[in-house]
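Okay, so here's the structure we're looking at.
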Protein chains: 2
Amino acid sequence: MNFDLTSFLPYLLNQAAEAASLDFQREYKARYGMLRTEWRVLFHLGRYGDMSARDIVERAMIHKTKVSRAVAALEGRRFLTRKSVEEDRRREVLSLTPAGREAFSELTALAEKHDVALMQGVSAEDAAVVRRVLRGIAGL
Amino acid sequence: MNFDLTSFLPYLLNQAAEAASLDFQREYKARYGMLRTEWRVLFHLGRYGDMSARDIVERAMIHKTKVSRAVAALEGRRFLTRKSVEEDRRREVLSLTPAGREAFSELTALAEKHDVALMQGVSAEDAAVVRRVLRGIAGL
DNA sequence: TGATAATAGTTGAAAATGTAACTAACAAGG
DNA sequence: CCTTGTTAGTTACATTTTCAACTATTATCA
C-alpha cells in the first residue's frame, strides 16, 4: 500500500494553507483584532469597491452568516458603513470609512510582503504552475 | 494597484483546500459521522501502525486537545482501543479495531479516487511541481 | 390583485475549535 | 528521597463556525 498522506492533495492543501495563513493571521489579529472573514470582507470592499453583503458572499464564496457577522464587526470598529439601497430595500451597500481604507492598505502591503516570502525559493515558472492549478481546483 | 486576491497565495490555498476537501469530507461525515481530525487520526493509525496520541500529534501536527477528542470519539465508535504502556504509564498505545481497519481501508480507497479526480486535467509534471511546492510551504 | 415563492440579511442554538489550566506520571539534581 | 521541572493526556471555558429558523422585502404568475 503506497498511499501516503503527504501526497494526498486535500491533506497537503490543508497543511499548506494553514502554514501559509499563520503568520499573516497573527498580524491582523494582533494589530486589528480582526478575524479572517473580517479581513476578507475588508479586502473585497477595498479592492473591488462598494458592494452589498450578497455580492461579497458570491465573490468570496463565504457563507452569508459569516459575512453578516463580519460586516457587523467591521461596522462596530468603524471600518465600514451601510447605506440601504433605494430600489431594493432588502439590500445595503457597504463602503469603507477612511479608517477602513487605511487598515486595508496597511494589510494589503503586509499581504504582498507575505506572499513574496512564501514563494521565495520557488522559481517563477513553478510559482505560476502552482497558482494556475490552485485556481483550477478552487474553481476561480 | 495590481494585487489581486486570487493571486494571494494564502487565500488561494485556503480556497483550494476548502474546495478539495468538500466532497471527501461529505463522504466520511455522512457515512461515518466522522470529523476531519478523526479521519486523520484513523488514517495515521491505519497507515503507520499503532502509536500513542503524542506520536500522532507530532507526525500530523495536530494540537493535542484535538487529538485527545478525536481519540475519544473513535474509541466511542469502537474504531480503536487504548492500552496503557508498561514502561511509562502516562502513555497509551492506540490500535485500530477490525471495524476501524475496515473504515480505514474504505476511506483510503475513496481518498485515492478523490485525489485522482482532483488532478484530472493537470499534467503529471505540473502535479509533481504542485506537490513539491506545497510540501515546502507546509514544512513537510 | 393576491397568493406563493424567492431573496437579503439577521439571529439563536448547537457543534467545533482554541487556549489555558489542570492531573498524573516520570526525570533529574541536590 | 524530595523538590522542581517536564511530559502525556484531559477538562473547562471562551471564541468561532455551522445550521436552521426567522423577518422583511421583492418577484412571479394565476
Side-chain angles (χ1 to χ4, degrees), chain A residues 14-15 17-19 21-26 28-30 32-42 44-45 50-77 80-95, chain B residues 14-15 17-19 21-22 25-26 28-30 32-42 44-45 50-77 80-95:
Chain A
N14 264 296
Q15 294 293 108
E18 220 167 284
S21 300
L22 214 73
D23 290 359
F24 185 50
Q25 178 172 21
R26 223 189 315 273
Y28 58 66
K29 204 164 187 175
Y32 297 98
M34 211 178 271
L35 254 33
R36 194 189 351 235
T37 308
E38 292 163 33
W39 147 245
R40 282 209 206 163
V41 167
L42 183 83
H44 271 263
L45 291 170
D50 297 359
M51 58 179 88
S52 72
R54 180 183 166 282
D55 297 328
I56 297 174
V57 163
E58 278 184 358
R59 298 186 62 133
M61 303 197 292
I62 307 175
H63 196 272
K64 62 180 181 173
T65 63
K66 273 168 108 176
V67 171
S68 172
R69 286 173 164 133
V71 166
L74 290 170
E75 190 186 26
R77 258 170 233 128
L80 63 77
T81 56
R82 318 173 188 232
K83 186 156 166 279
S84 103
V85 177
E86 286 290 308
E87 311 89 61
D88 183 346
R89 285 194 322 256
R90 287 171 302 185
R91 297 201 290 140
E92 297 176 311
V93 170
L94 309 169
S95 319
Chain B
N14 265 298
Q15 294 294 108
E18 221 166 284
S21 301
L22 213 73
Q25 179 171 21
R26 223 189 316 272
Y28 57 68
K29 205 165 186 174
Y32 297 98
M34 211 178 272
L35 254 32
R36 181 159 42 199
T37 308
E38 292 163 34
W39 146 245
R40 282 209 206 162
V41 166
L42 184 83
H44 271 263
L45 291 170
D50 297 359
M51 58 179 88
S52 71
R54 180 184 167 279
D55 297 330
I56 296 174
V57 164
E58 278 185 358
R59 298 186 64 132
M61 304 197 291
I62 308 174
H63 195 273
K64 61 180 181 173
T65 63
K66 273 170 110 176
V67 171
S68 172
R69 292 196 252 247
V71 166
L74 290 170
E75 190 186 24
R77 257 169 236 130
L80 63 77
T81 55
R82 320 175 187 228
K83 187 157 165 278
S84 103
V85 177
E86 286 290 308
E87 312 88 61
D88 183 346
R89 286 194 322 257
R90 287 171 302 185
R91 298 200 290 139
E92 295 176 311
V93 170
L94 310 168
S95 318

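The structure presented is a predicted model; accordingly, all values stated were derived computationally and were not measured. First the proteins, then the strands, lettered A, B, ... as listed; each starts at 1.
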Starting from [atom2] on [N], measure out to [atom1] on [X] and report it in whole angstrom.
X     : N      : atom1 : atom2 : value
B:I56 : D:dG9  : CD1   : P     : 9 Å
B:L80 : D:dG9  : CG    : P     : 12 Å
A:Q25 : C:dT19 : CD    : C1'   : 14 Å
B:M51 : D:dG9  : CE    : C1'   : 17 Å
A:E92 : D:dT23 : CD    : C1'   : 13 Å
A:M34 : D:dT15 : CE    : C1'   : 17 Å
B:D88 : D:dT6  : CG    : C1'   : 11 Å
B:W39 : C:dA16 : CH2   : P     : 19 Å

TODO: Using the six-membered ring wherever Trp is involved, compare the ring planes of A:F24 and A:W39 and label them parallel, tilted or perpendicular (cut-offs 30° and 60°).
DONE: perpendicular

So [X], base contact, sugar-phosphate only, or nothing? Heavy-atom distance under 4.0 Å.
X     : result
B:H63 : base
B:T37 : nothing
B:R36 : nothing

TODO: State the CG-CD1 distance between B:L94 and B:I56, to the nearest 0.5 angstrom.
DONE: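 Output value for this atom pair is 5.5 Å.
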
Task: Value rounded to 0.5 Å, distance of CG in B:N14 from CG in A:N14 - done: 8.0 Å

Nearest of [options] to any side-chain atom of [X]?
X     : options                : result
B:R82 : C:dA13, C:dT10, D:dG9  : D:dG9
A:R69 : C:dA13, C:dA16, C:dA25 : C:dA13
B:A53 : C:dT11, D:dG9, C:dA16  : D:dG9
A:K64 : C:dT11, C:dG9, D:dT7   : C:dG9
B:S68 : C:dA16, C:dT10, D:dT11 : D:dT11
B:K66 : D:dG9, C:dA25, C:dT17  : C:dT17
B:R91 : D:dA12, C:dA16, D:dG9  : D:dG9

Open item on the list: Quick one, B:V67 and B:R40 - any side-chain contact, counting heavy atoms below 4.5 Å?
Closed with: no

Open item on the list: Is there a side-chain contact between B:V71 and B:R82 in this structure, where contact means two heavy atoms from C-beta onward sitting under 4.5 Å apart?
Closed with: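 Counting from C-beta outward, B:V71 and B:R82 do come under 4.5 Å.
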
Open item on the list: Can you tell me which residue among A:K66, A:R69, A:R77 is in a side-chain contact (heavy atoms from CB on, under 4.5 Å) with A:E38?
Closed with: A:R77

- [ ] Look at the side chain of A:R26 and the base of C:dG18, then say whether one donor and one acceptor between them are separated by less than 3.5 Å.
- [x] no

TODO: Mark yes or no for a side-chain to base donor-acceptor pair under 3.5 Å between B:R89 and D:dG9, with no hydrogen or angle criteria applied.
DONE: no

Task: Closest-nucleotide ordering on DNA chain D, the 5'-leading residue of A:R90 and A:K29 - done: A:K29

Task: 5′-ward residue of the pair A:E87/A:L35 relative to DNA chain D - done: A:L35

